[in-house]
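Let me begin by presenting the structure, written as structure tokens, before commenting on it.
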Amino acid sequence: MEGTKHSNQGYEIIESCTIGNTELVIGHHPTAPNPYVCWYCKGGDNYYWGCYCNTL
């Protein structure tokens, strides 16, 4: 992902980690009620099963 910014639902993906065949990502949206989210991701653009929170 280095050099390319990814986003989903207005959240900029700020970190990612691949474990086996699964990618985990952390997104940030500074004006959202819950500005941080952690999603599973398949294929680089299929984000699902997220957990939204107020702190990193």
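Keep in mind the model is a prediction, meaning the values are calculated, not measured. The figures here come from the full heavy-atom set of this structure, side chains too, leaving out hydrogens, waters and symmetry mates.
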What are the two closest heavy atoms between [X] and [Y], and how far apart are they?
X: Y11; Y: N34; answer: OH-O, 2.7 Å
X: N54; Y: Y36; answer: O-CD1, 3.8 Å
X: G44; Y: C41; answer: C-SG, 3.7 Å

Side-chain contact test, heavy atoms from C-beta onward, threshold under 4.5 Å: evaluate it for [X] versus [Y] and give yes or no.
X: S16; Y: V25; answer: yes
X: H6; Y: Y47; answer: yes
X: K42; Y: Y48; answer: yes

(request) Sort out for me which residue in I13, I26, N46 forms a side-chain contact (heavy atoms from CB on, under 4.5 Å) with W39. (result) I13

(message) Quick check for you: to the nearest 0.5 Å, what is the distance between C38 atom SG and L56 atom CG?
(response)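 The CG atom of L56 is 10.0 Å from SG of C38, to the nearest 0.5 Å.
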
(request) With rounding to the nearest 0.5 Å, note down the distance linking CD in E23 to OG1 in T18. (result) 4.5 Å

(request) Just jot down the side-chain hydrogen bond (donor to acceptor under 3.5 Å, both in side chains) partners of T31, sequence neighbours excluded, or say none. (result) H29

(message) Test of understanding: with side-chain hydrogen bond (donor to acceptor under 3.5 Å, both in side chains), list the residues that count as partners of E12, not counting sequence neighbours.
(response)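 Checked E12 against side-chain hydrogen bond (donor to acceptor under 3.5 Å, both in side chains); zero matches.
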
(message) Do W49 and L24 land in one hydrophobic cluster if side-chain heavy atoms of ILVMFWY residues count as linked below 4.5 Å?
(response) yes

